[in-house]
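Lettering follows sequence order; numbering is per chain, from 1. We use all heavy atoms of the structure for the numbers below, so side chains are in, but hydrogens, waters and symmetry mates are not.
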Amino acid sequence: MSEPEECPMVTMEQLVSLCKRRGFIFPSSDIYGGFQSTYDYGPLGTLLKNNIKAAWLRAVVQERDDMEPLDASILMHPRVWEASGHVAVFNDPLVDCKACQGRFRADHLWLIVASHGEETKHYPIEAGEEEEALAKGRETHQIGKRWDVTAVPMVIDSPDGTPKLCPSCGGAESFTEPRAFNMMFQTQVGPVEGNITYLRPETAQGIFVNYENVLVTMRRKLPFGIAQVGKAFRNEIVTGNFTFRTREFEQMEIEYFCWPEDGPRVHQEWIDTRLAWYERYGIARENLDLYEHPDHKRSHYSTRTVDILYRFPIGFAELEGIANRTDFDLSQHAQFSGKTLDYFDTKSERRVVPHVVEPSAGVDRNVLAFLTEAYVEEELLDQKGQKSSRTVLRLHPALAPIKAAILPLAKNRDELVACAQGLARELRPHFQVQYDDTGAIGKLYRRQDEIGTLYCITVDHQTIDEDGQVTIRDRVPQ
RNA sequence: GCGGGAGUAGCUCAAUGGUAGAGCUCCAGCCUUCCAAGCUGGUGGUGCGGGUUCGAUUCCCGUCUCCCGCUCCA
């Protein structure tokens, strides 16, 4: 056998295929032809996902002295979402350009207006480009005469006199009517119509509304944090790229409460901590990147947001967002609920609304990232000198769905089978193991390679006839 | 949602207006003392609904799903 050659980069097709073939992830409602943007985790995917969540909880709760776990409900009082800003913000009005098919948030369209006496020129831009466009506009219009250059919002659905121009193609009056897309799933509570709430679009609010409960019952002082894993739902306009963007997804979120002046430092510490966690569980640093959100892209609640990006098959994309939410959420909930959510420090006699740092990771994106990172296809020559390829998942031991496979070398001898089955029975209380005797040993090894099994334990004739020893093969050399 | 492309077995792919095939996988049996060996047999399919037709997997319409782009984010 020659030295295996590794192929450079896994494609999304290869991952999807492996996931379905080996029982990691299936299309949801498969026998009905699937259902848009929904996926089910199969037996191995469930084990992998649970291992990822356990590894996260272990790192952010068990191994720290400043963290508490929580499991809040998905349905909450509808006022929660008014306080959080989601009712307003998740109602983005969108317009399409009929000329170029471009799509824009209606409230993100701006015009640079350059005027000089009777003469007026308009340049359409998108929010966030104002400063740059203003500077450029002033520069180009200063030659010769003095122009007055300003930036104004382009109001699509009101006849305010300014032209409606497409920033992409320049088309005039080519926008569709603004349509509101409420990103929250509305749902009815109880059998009587009219009593509604929402499926939570983030788990974070479940933490904020329990902040005081946890603070008091766990006798916490600042700083401390609350960690939660759970489902969230967003009625995304566009889904896709396998499980990367779905309407139902799972989050691993931390809200870390600290003194206001410590917010920026704590924020940076969490960025470093979370990066280190991904490396600890096997993600190469060169496949991780950080993205600093520019002002205009940041959420309504945040003063600084840094994304941890991973090199997915689709390119670098967000795996986790770490935001400094300041005192926005607690202040909002104090106002909307009428409860005091101040923190009083008896020693310094200070009263503050704590600031909050939020590391928010996507569980499904984590699964996808760890699978991407682990996937290796090796080209090698078999006994006959034929080229063949072997798929190996190199998962971290703590994440691997199956820890060991117990394989009899052959199944035409009862003692081999009985011994191997006995061994599997002995290991089962301690580890997730698989017993397999349905093929030649080489085939059994390859099956386990493909699902990232850590150890293959083979019972051979020597085990029975001589010394009771088995062969343990380490399939995932670190 | 808009524009473009695509749906045949678990996977990769073939074929035809007239009984839908192959390789691999999978299952059972035989064989086998360590990296997808061999032999025999077997399961399994035209996404869904409607129309045209004597007959539709093939032609037409609708629908669902997937992929690429626009947009948003965990």
ask   = With both distances kept under 3.5 Å, what pairs with B:U52, Watson-Crick or G-U wobble?
value = none
ask   = Any ion pair linking A:R304 and A:E292 (charged N to carboxylate O, less than 4.0 Å)?
value = yes
ask   = How would you label the contact of A:R447 with the nucleic acid (heavy atoms, under 4.0 Å): base, sugar-phosphate, or nothing?
value = sugar-phosphate
key: A:K411 NZ - B:C30 C1' separation (whole Å)   = 10 Å
ask   = CD of A:Q36 versus C1' of B:C48: gap in Å, rounded?
value = 16 Å
key: Distance-only donor-acceptor test (3.5 Å): side chain A:R365, base B:C73   = yes
A:N235 side-chain N/O to B:C72 phosphate OP1/OP2 under 4.0 Å = no
message = Can you tell me the base-pairing partner of B:U43? Count Watson-Crick or G-U wobble geometry only, both distances below 3.5 Å, and say none if there is no partner.
response = none
key: Gap in Å between the two C1' atoms, one belonging to B:G17 and one to B:G23, rounded   = 28 Å
note = Mate of B:G38 across any strand shown (Watson-Crick or G-U wobble, both atom pairs under 3.5 Å) is B:C30
note = Rounded to whole Å, CZ of A:R21 lies from P of B:A36 at a distance of 17 Å
request  = Using whole Å, report how far CG of A:D460 lies from C1' of B:U32.
outcome  = 14 Å
ask   = Can the positive tip of A:K49 be found less than 6.0 Å from the middle of the six-membered ring of A:Y41, inside 45° of the ring normal?
value = yes
query = Do the side chain of A:T471 and the base of B:C34 come within less than 3.5 angstrom through a donor-acceptor pair of N or O atoms?
reply = yes
ask   = Does a side-chain N or O from A:T438 land closer than 4.0 Å to OP1 or OP2 of B:C27, or not?
value = yes
ask   = With nearest nucleotides of RNA chain B determined for A:E250 and A:L444 from heavy-atom distances, which residue corresponds to the more 5′ nucleotide?
value = A:L444
task = Output yes when A:E450 and A:R21 qualify as a salt bridge under the 4.0 Å nitrogen-oxygen rule, no when they do not.
result = yes
ask   = Can A:Y445 be called stacked on B:A36 when the rule is centres closer than 5.5 Å and an angle between planes below 30°?
value = no
inquiry  = For the P atoms, the ones on B:U8 and on B:G47, what distance do you get once it is rounded to whole angstrom?
reply    = 6 Å
ask   = Base, sugar-phosphate alone, or nothing: which one does A:L407 contact when heavy atoms must sit under 4.0 Å apart?
value = nothing
message = Ignoring hydrogens and geometry beyond distance, is the side chain of A:N412 in donor-acceptor contact with the base of B:C31 at under 3.5 Å?
response = no
ask   = Is the ring centre of A:F312 less than 6.0 Å from the ring centre of A:Y310?
value = yes
inquiry  = For A:I322, is there any backbone N or O sitting under 3.5 Å from a side-chain donor or acceptor partner on A:H267?
reply    = yes
query = Relative to the 5' end of RNA chain B, which residue comes earlier, A:Q462 or A:D364, by the nucleotide with the nearest heavy atom?
reply = A:Q462
ask   = Of the non-hydrogen atoms in A:E250 and A:D364, which two are nearest, and what is the gap between them?
value = N-OD2, 2.8 Å
request  = Please state how far atom NZ in A:K443 lies from atom C1' in B:U32, giving the value in whole angstrom units.
outcome  = 13 Å
Sugar-phosphate only, base, or nothing, as touched by A:N241 at under 4.0 Å among non-hydrogen atoms = sugar-phosphate
request  = Report the base-pairing partner of B:G69 (Watson-Crick or G-U wobble, both distances below 3.5 angstrom), or none.
outcome  = B:C2
query = Within the modelled atom types, does a donor on one side and an acceptor on the other bring the side chain of A:R245 and the base of B:C72 under 3.5 Å apart?
reply = yes
ask   = Rounded to the Å, how far apart are A:R446 CZ and B:A36 P?
value = 5 Å
task = With C1' as the reference atom in both, quote the distance from B:G51 to B:A15 in angstrom, rounded to an integer.
result = 25 Å
query = In terms of heavy-atom contacts, does CZ of A:F316 have more than 12 from other residues, nucleotides or ligands at under 6.0 Å?
reply = yes
key: Nearest-angstrom distance, C1' atom, B:C72 to B:G1   = 14 Å
request  = Please determine, for the side chain of A:F35, which listed nucleotide (B:U65, B:A74, B:G10) has the closest atom?
outcome  = B:U65
query = Taking the same atom, C1', in B:G44 and in B:C11, what whole-Å distance lies between them?
reply = 13 Å
inquiry  = When the C1' atoms of B:C27 and B:C13 are compared, how many Å lie between them, rounded to an integer?
reply    = 23 Å
request  = Quote, to the nearest angstrom, the P distance that separates B:C54 from B:U16.
outcome  = 24 Å
inquiry  = Under 4.0 Å, heavy atoms only, any strand: does A:T458 hit a base, just the sugar-phosphate, or nothing?
reply    = base
query = Hey, does A:F242 reach any base, or is it just sugar-phosphate, or nothing, if we go heavy atoms under 4.0 Å?
reply = sugar-phosphate
message = From the set B:A74, B:C66, B:U32, return the single nucleotide nearest to any side-chain atom of A:A410.
response = B:U32
ask   = Which value, in whole Å, describes the distance between the C1' atoms of nucleotides B:G50 and B:U57?
value = 16 Å
task = Would you indicate what A:A361 reaches in the nucleic acid, counting non-hydrogen atoms under 4.0 angstrom: base, sugar-phosphate, or nothing?
result = sugar-phosphate
request  = Using whole Å, report how far CZ of A:R200 lies from C1' of B:A74.
outcome  = 13 Å
query = Is the closest basic N to carboxylate O distance between A:E358 and A:R325 below 4.0 Å?
reply = yes
task = Give one of base, sugar-phosphate or nothing for A:T38, where a contact means two heavy atoms less than 4.0 Å apart.
result = nothing
ask   = Applying a 3.5 Å limit to both distances, which nucleotide forms a Watson-Crick or G-U wobble pair with B:G7?
value = B:C64
Integer-rounded Å distance: B:C34 P and A:L409 CG = 6 Å
